[in-house]
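Residue numbering restarts at 1 for every chain, and letters A, B, ... go by the order of the sequence lines. Every heavy atom of this structure was used, including side-chain atoms; hydrogens, water molecules and symmetry mates were not.
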Protein chains: 2
Amino acid sequence: MIATINDVARVAGVSISTVSYALSGKRPVGEKTRRRIEAAVAELGYSPNAGARALAGRRTYILAVTEPLRPDTYTPAHMAFVLATATAARNYDYDILLLTQDEAAGGLQRVTNSRTVDGVIVLDVLAEDERADLVRALGVPAALVGLPADTTDLVCVDLDFAAAAELAVDRLVEAGHRVLGLLGQPQVAYQRGSNYPVRFRDAFLARARERGVEARFASPEATIADTRAAVAELLGPEGDLTGLVMHCEDNIQMRTLDDLQERGLEVPGDVSVISAAATFDTSTLDPPLDVIPLIPAESCSRAVELTIDQMSGLVEPHVELIAPTYVERGSTAARRT
Amino acid sequence: MIATINDVARVAGVSISTVSYALSGKRPVGEKTRRRIEAAVAELGYSPNAGARALAGRRTYILAVTEPLRPDTYTPAHMAFVLATATAARNYDYDILLLTQDEAAGGLQRVTNSRTVDGVIVLDVLAEDERADLVRALGVPAALVGLPADTTDLVCVDLDFAAAAELAVDRLVEAGHRVLGLLGQPQVAYQRGSNYPVRFRDAFLARARERGVEARFASPEATIADTRAAVAELLGPEGDLTGLVMHCEDNIQMRTLDDLQERGLEVPGDVSVISAAATFDTSTLDPPLDVIPLIPAESCSRAVELTIDQMSGLVEPHVELIAPTYVERGSTAARRT
DNA sequence: CTGAAAGCGCTTACAG
DNA sequence: CTGAAAGCGCTTACAG
């Protein structure tokens, strides 16, 4: 019924090993032989049996992706990473197997022990993350997108959040701003353990201190009321804030821009605004925002690449921090004097 | 290095077939034999090689899930279905392979032809959906969550959106309301081809006509301004609307409740409100809303079940519409007279 | 209740 | 440049 490599070999009049090599390219195959094989493959609609290929070749061409999608996290941003991983994987001929919350650790163990997957991509990493320990213990090819507290023996990729914060501060300071504010994520983000919000905040505050400017920080819940209060707090009783950095979800950024407008504050006339580590498009905001983007495709394709390279022993444990870039959209300006 | 069934057999002092049968339960195994096997499995940390199992047993225990996650769709609701599918699959010892947009059709073809998966779950089905045609052509075990225009030869599961709309209308009519409004989804949802918004809207309007009440419909974009205008339109110049059904994303429902409050309209005193086909929790809204829920776990676990049963030839092509249920939370009341 | 063995469909040394 | 064959690690008739 369904064609096997034997059928292809018979139709092409060659041995199955030649078919295999012709398809994998692991051994040169004569021009006309290859053409006959290709014709047979097309005629029969042949595609190699994944199980057989996995058993014989010790490669499944499947990568596990673990993304807990905890109830308190912001789905679209997290999904962007899953999608980016899927896309990157396909570039290496890999598919992804999705492991979700209830099974994060157990599932990882199961799919690696059973050799269902060749490697693992760990998303939404917490400072203390059992998946990190498990990956270390299993010794399976893996890359984490994000940094656990202990990165020993691990391959990790992440945006350099500290450098991103510094870049934002520098940019504002150099435009003459002396009072900066960071509109951060909800409290839980700083407590729960993803450490990137902390890395960003700490670097923001430290850099401001270094540069001798005042820095304020607010951490509102994702509600209209809380956001409004946080913005008021950042602006200060005297309304002397002129540089605002937003490291929060798109809704909040939108509302904050509305809020500034309602207060009669112009961007960038009165307040310079930078969106930091955004995974969404800030060019469609009103006004469009300067951004130091967090590009899922970047970290994820690197993570996939590093994982696959581990299979050939080409990669040692290490941490890669991706340098931030600054995209100008006209939402910052020199401070009014 | 890594234990195989041969190691287990040797340690347990039995043949590999007995090990296999003991683990699969497909043949009775003597009490003490089984215990020795279990001990060996535990000692060696054995878990069957997925590739070998797939090759010999013709089952991969992997299901493909195709969810396009188009840019214009609302991520959290869609992810709820992916997650529900993953959870349901695990109950049958299945994992899921995630197929995304760029590869919807090509990927389906690839993973079924290569026998990477045993079956397919199709999410976010459009009226005209190439994935439906492909599934039909491939003859692979599959279930669609949602209805394409042509369901011939297909297994489909979905909430009965028409019945849900009728339930909402009946409820309001029976409480004495004579002017009803439907706050629907953005225009694109009605045009693009997911047909559930259409099914809901049409049944809503038809039922209202049947029951002899006035029905209004609005289809705002997911912005504050558009939503506000839509609510105003539904309320009407005379503000005579007293029954509101919302079939839209959670943000919009929240804003609408705020809006009603700002207008000094009480729920349910002035307006009775029902949330329809919501995948989110309406009990945390202010006020909590009566809801006819759309429960991803329900459709998805049924879809998984139907797909797996097709592998044993137990299922014929058919459409299953899930009967809607009404959850009362106090947001509807008899019309004030 | 249990075992020996064929076979699933590939990949990859080994040979020529 | 190509082939014959071993072997990957299971499942499942077939036998007893």
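Nucleotide C:dC1 forms a pair with D:dG16, judged by Watson-Crick or G-U wobble geometry with both contacts under 3.5 Å.
In this structure, of D:dT2, D:dC8, C:dA5, it is D:dT2 that holds the atom nearest to the side chain of A:V29. Ranking D:dG3, D:dC10, C:dC8 by closeness to the B:I16 side chain, first place goes to D:dC10. Considering only the side chain of A:Y46, C:dC10 comes nearest among C:dC10, D:dG9, D:dC10. When each of C:dT12, C:dT11, D:dG3 is scored by its nearest atom to the side-chain atoms of A:A56, the top-ranked nucleotide is C:dT11. When the nucleotides C:dC1, D:dG3, D:dC10 are ranked by their closest atom to the side chain of A:T18, D:dG3 comes out on top. Distances from the side chain of A:R53 to the nucleotides D:dG9, C:dA13, C:dT11 place C:dT11 closest. Nearest to the side-chain atoms of B:K26 among the listed nucleotides C:dT11, D:dT12, D:dG9 stands D:dT12. For A:S17, the side-chain atoms get nearest to D:dA4 when compared with the rest of C:dC10, D:dG9, D:dA4. Which of C:dC8, D:dC1, C:dA13 sits closest to the side chain of A:P28 comes down to D:dC1.
Within 4.0 Å of A:T4, counting heavy atoms only, lie sugar-phosphate atoms of the nucleic acid but no base atom. In this structure, B:S24 reaches neither bases nor backbone, as no heavy-atom distance under 4.0 Å exists between it and the strands shown.
Of the two residues near DNA chain C, B:A52 and B:Y21, the one whose nearest nucleotide lies more 5' is B:Y21.
A donor-acceptor distance shorter than 3.5 angstrom exists from the side chain of A:D129 to the backbone of A:L126, with no hydrogens or angles considered.
Between the CD1 atom of A:I37 and the P atom of D:dT2 there is a distance of 8 Å, rounded to whole Å. For A:R27 and D:dG3, the CZ to P distance is 8 Å, given to the nearest whole Å.
Salt-bridge check for A:E31 with A:R35: passed, with a basic side-chain N closer than 4.0 Å to an acidic carboxylate O.
In this model, a donor atom of one side chain and an acceptor atom of the other lie less than 3.5 Å apart for B:S15 and B:T18.
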